[in-house]
Structures are given as C-alpha cells and as structure tokens.
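Working notes, beginning with the structure itself.
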Amino acid sequence: MDRRNFLKTTGAVVAATALPPTILSCRKEDSSVPVNYSTELLVAGGGPAGVCAALAAARMGIRTMIIDSGNCLGGMATKGLVGPFMTCYDSTGEQMIIKGIFGEIVDRLVEKGWALHPEGIRAQTPYSAWIKEGHDHVTPFEPEGLKYLLDVMMAEAGVKVLYHASFLSPVMKGDTITGATVFTKEGIQQINARIVIDATGDGDVAFRAGVPCEMGSVERGGKIQPTSLFFRINNVDSACLEADVNKHLPEFRRVNNVSYRALHWNVAQAEANGEWDIDRKSVNIFKSVKDDEWVVNSTRIKDIDSTRSESLTSGEIEGRRQIQVLMNFFHKYVAGCENATLTGSAATLGIRESRHVKGEYVLKAEDLLEGVVPDDSILLASNSVDVHGGGASANSSVYKTINARWYGVPYRCLVPLGVENLLLAGRNLSATSDAAGAVRVMPPAMAMGHAAGVAAALCLKGGASPRSIDPSDVRKALAAQGAFLDM
C-alpha cells in the first residue's frame with residue numbers, strides 16, 4: 001500500500017461506523033425486581049480497587065460479594081492491558097510504601113513467574129520505558145496470570161464473585177443505600193447489602209445515588225484527559241531495540257510540556273512520510289516479563305466521555321485504528337520490531353478521568369506536591385501529578401513530581417457527601433482533576449480499595465456508619481494487615 005494512503009485508508013474505518021444507531025429497548029415492563037442475593041458488603045466493580053476491597057473485607061469475616069460487567073477481575077490491569085503497575089516506592093526510590101494486599105498480589109505473581117518485583121526495576125530502563133520521573137520501581141506483570149490469581153484469591157477468602165453483572169441503580173431507603181439492581185443474563189436482579197463500595201471508576205453508584213460529582217477538570221472548563229487503548233506485542237528483538245534507544249538517550253527532552261522520549265526520532269520520520277497522525281511525539285513502550293514482549297501505551301484518543309456508550313464505542317474504534325498505525329510504524333521504522341506481532345489489544349479503553357465524586361474532603365494537587373499527610377491518611381504514595389493533554393496542545397501534558405518523600409490520602413476522600421453506607425475506592429475518589437491525575441494509577445487505587453474494605457468491615461462489625469467510624473481504627477487495622485502508614 002502507498003505510504004501516504006495508509007493513514008487515509010485506516011481513517012475510512014472510523015468514518016464507516018459513524019451511522020445513526022437504532023436503539024431497541026429490551027426492558028420488561030414489570031415493577032417488581034426479584035431479590036436474588038443478600039450480602040453484608042457489595043463491591044461494585046472488579047478493577048484494582050474493587051478486588052482489594054473485597055479481599056480485605058472477606059478476610060475480616062464479612063460476607064462479601066463483588067460484581068463486574070466483564071468476565072474477569074482486575075479491570076484495567078487485565079481487561080485494559082494497562083501495565084506495568086506504576087511506582088509503589090517513595091520519591092527517593094528507597095522504600096516500598098504501597099504494600100498490604102497490593103504487595104501480596106505482587107509477591108504471589110512473582111512466585112509464579114508472572115511478574116518482576118519492583119525492588120529490582122529502576123527508572124530509565126526498558127521496563128520503565130526509559131522514563132526517569134515517577135517511573136522508579138515499576139512492576140511488570142502478566143495480565144493472564146493476574147486474572148487467574150485473582151480468581152484463586154477470591155475463592156480462598158470466600159468472596160462471592162458474579163461476572164456479567166452490570167450495575168444499574170442503587171436501592172435507597174431515604175438517604176441510605178441498601179443494595180443495587182444489576183443487569184445479568186437472567187434480566188434485572190436485586191442485591192441487598194448493608195454497605196456498598198463504589199469501585200466502578202466512573203462513580204456510577206455514587207452518581208446514581210445522587211452524590212454531587214464533577215466531570216473532568218473544572219479548572220480546564222470540564223476538559224477530560226484523553227484515553228488510551230493499550231496493546232501488547234511480542235517477537236521483538238529486544239537487544240536491538242534497546243541498543244537503538246540507549247544510543248539516543250542523550251536526546252530525550254521535554255519542550256513546551258511535550259515529551260520527546262523513546263523512538264521520537266522514528267516518529268519524526270513517520271510523520272514526515274505521512275504515516276503518523278497520533279497526538280504524540282514519542283512512544284511509551286514498556287518491556288514486560290518475557291524478554292521479547294512489550295506493552296505499548298501510545299494511542300491517544302481525545303474527548304471520550306466514559307459515561308456514554310456511544311462515546312466509548314467511537315473511542316474503541318479509533319483506538320484500534322491507531323494500533324494499526326503503530327504496528328505499521330514498528331514494522332517499518334523501529335529497530336528490532338520488523339517482525340513484531342500484535343498479541344492483543346485491550347478489551348476496554350484505558351480511562352484516565354471521568355467523574356470526580358464529592359466527598360467529605362476534596363484532595364488537592366497542592367496537598368500532594370507539598371507532601372501533606374493528614375491524620376486520617378489511609379495510604380501513603382509518591383505518584384506524580386500526571387495530566388495528559390493538560391497543556392496548550394493535544395500532545396502536551398502537565399507533569400509535576402512531589403517535593404517530599406510521600407503524601408497521604410485521607411479517609412474522608414472515600415466518604416461521599418449525602419449518602420449513607422456508601423464508600424468510594426479508586427479513581428472516582430473525592431479529588432480535583434490534577435490530584436486524581438496522581439492517585440488514579442493502580443497501586444494507589446489498590447491501597448484505597450484495601451482501606452475501603454477494612455472500613456466497611458469495621459463498620460459492619462461495630463454497628464457504625466462509614467461517616468461516623470473513627471479513621472484511627474481503620475489505620476490500625478490496615479497497619480496490622482501490612483499497609484505502610486509510617487505509624
């Protein structure tokens with residue numbers, strides 16, 4: 001195919017899908033919804049935060065159920081193919097500070113040969129995409145191994161898992177949530193629960209329960225960070241690729257908030273030849289567990305609202321188009337990738353931002369940058385503020401490293417306003433857009449889930465509500481379970 005026609009041809013795929021859809025209702029006009037399940041704790045969403053919440057509560061003797069619309073647990077880490085786990089160390093790179101259930105999952109993956117421990121993975125190496133800031137001690141892992149491990153861990157803890165169950169609406173008694181209706185293969189069903197944890201990422205439970213939310217960045221006029229569709233490649237001559245990148249390391253730079261990092265010299269060539277139309281000037285490519293396998297985070301899909309199915313659909317179609325652009329790029333321009341094989345693209349878009357749920361406290365970027373550790377902190381982290389598309393151009397970003405060893409995320413960020421017996425966990429926590437841009441990544445999200453699960457268990461055991469429980473009790477229980485809180 002002619003080079004200049006390549007992008008034009010792949011673009012036609014997107015245009016061909018832009019037809020007005022016909023929507024046929026499958027709703028059964030019946031006001032009665034059967035109560036099919038009753039549990040003490042319901043975790044809505046089986047992503048990184050949700051799995052840790054469910055494990056934590058079940059291990060404390062709480063009857064726990066977790067639902068997910070897909071066919072596996074792990075969310076972005078499995079269905080989304082997002083990898084590696086970002087740093088779980090302090091800003092000096094000396095101490096692992098996100099531990100607890102996250103640390104246990106990493107250890108068990110390493111034991112099976114499905115991950116490399118972060119203690120040996122340093123910044124500016126192939127495993128960190130040769131990136132320095134914020135990428136020290138990342139954790140490469142195999143998503144298929146993680147899928148299996150999470151099934152095993154749920155069975156060990158006695159968690160009731162229900163796949164192919166999409167959250168529809170909360171069941172409310174006044175301002176108290178008492179369960180949820182879900183859509184399953186059998187139809188609409190009801191799950192009664194004493195406490196619900198919203199680990200949906202988009203804050204679907206909180207939003208539909210009436211908790212105030214903000215969409216995107218208020219400071220940037222509601223702008224939402226771009227999404228990515230991750231994919232993995234293998235059959236790469238890694239020695240050849242690494243030698244080429246190492247040769248160009250002195251050319252890495254950041255200009256007007258635009259990063260020129262790995263393979264930017266190849267991107268410039270492809271762009272000049274009309275074979276690159278992605279809003280990036282370099283390629284984030286992370287070496288994985290197997291020597292010839294790499295994770296690619298370089299698609300960039302703008303203006304996607306993950307709370308709307310039509311928007312998600314267009315984003316996923318565009319993401320697959322961009323993957324073909326990237327595969328053409330690897331084959332034609334990148335040393336060691338001439339015979340690279342696309343092993344799989346993510347089953348879902350990597351969503352960086354959507355709703356920010358309002359809680360008892362709104363986490364701010366200044367809190368993180370200055371290393372503020374509130375008394376009710378339920379996790380410590382050092383992850384940098386990373387807002388994709390936050391600069392003046394589409395391929396720019398706002399990236400700020402913190403000025404301390406770590407910062408704390410307060411328990412109050414997990415307690416939503418106005419609704420009782422509901423907790424938040426993951427990127428839908430109460431935070432500004434910039435602050436969420438730091439703690440949305442998987443290790444902090446998993447620590448939030450761990451904390452939410454512990455808080456729910458203590459509430460159920462002691463007859464308290466999430467809003468009235470003493471955060472110091474949550475912190476003590478977390479520390480006893482291996483979480484690092486510098487107590």
- Option from Arg220, Arg440, Lys400 for which salt bridge (charged side-chain N to carboxylate O under 4.0 Å, His left out) with Asp434 holds: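 Single pass found, and it is Arg220.
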Indicate whether any N or O donor in one side chain lies under 3.5 Å from an N or O acceptor in the other, for [X] and [Y].
X: Arg232; Y: Thr343; value: no
X: Trp130; Y: Asn246; value: yes
X: Asp202; Y: Ser354; value: yes
X: Asp90; Y: Thr92; value: yes

- Does Lys364 make a cation-pi contact with Tyr361 (under 6.0 Å, within 45 degrees of the axis)?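 Checked: cation-pi criterion met.
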- Message: Can you tell me how the ring of Phe85 sits relative to the ring of Phe141, calling it parallel under 30°, perpendicular over 60° and tilted otherwise?
- Response: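 It falls in the parallel class, under 30°.
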- Using 30° and 60° as the class limits, which term best fits the ring planes of Phe252 and His264: parallel, tilted or perpendicular?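 Ring orientation, 0 to 90° scale: perpendicular.
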Is a side-chain donor or acceptor of [X] paired with a backbone partner of [Y] at a separation under 3.5 angstrom?
X: Thr139; Y: His117; answer: no
X: Asn256; Y: Val258; answer: no
X: Tyr407; Y: Ala365; answer: no
X: His331; Y: Met327; answer: yes

- Message: For Phe484, I'd like to know if atom CZ has over 12 heavy atoms of other residues, nucleotides or ligands within 6.0 Å.
- Response: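 Yes.
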- Query: More than 12 foreign heavy atoms under 6.0 Å from OH of Tyr148: is that the case here?
  - Reply: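 For Tyr148, atom OH is not crowded (no more than 12 foreign heavy atoms under 6.0 Å).
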- Query: Between Trp276 and Phe329, is the gap from one ring center to the other below 6.0 Å?
  - Reply: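 Yes - the distance between ring centres of Trp276 and Phe329 falls below the 6.0 Å cut-off.
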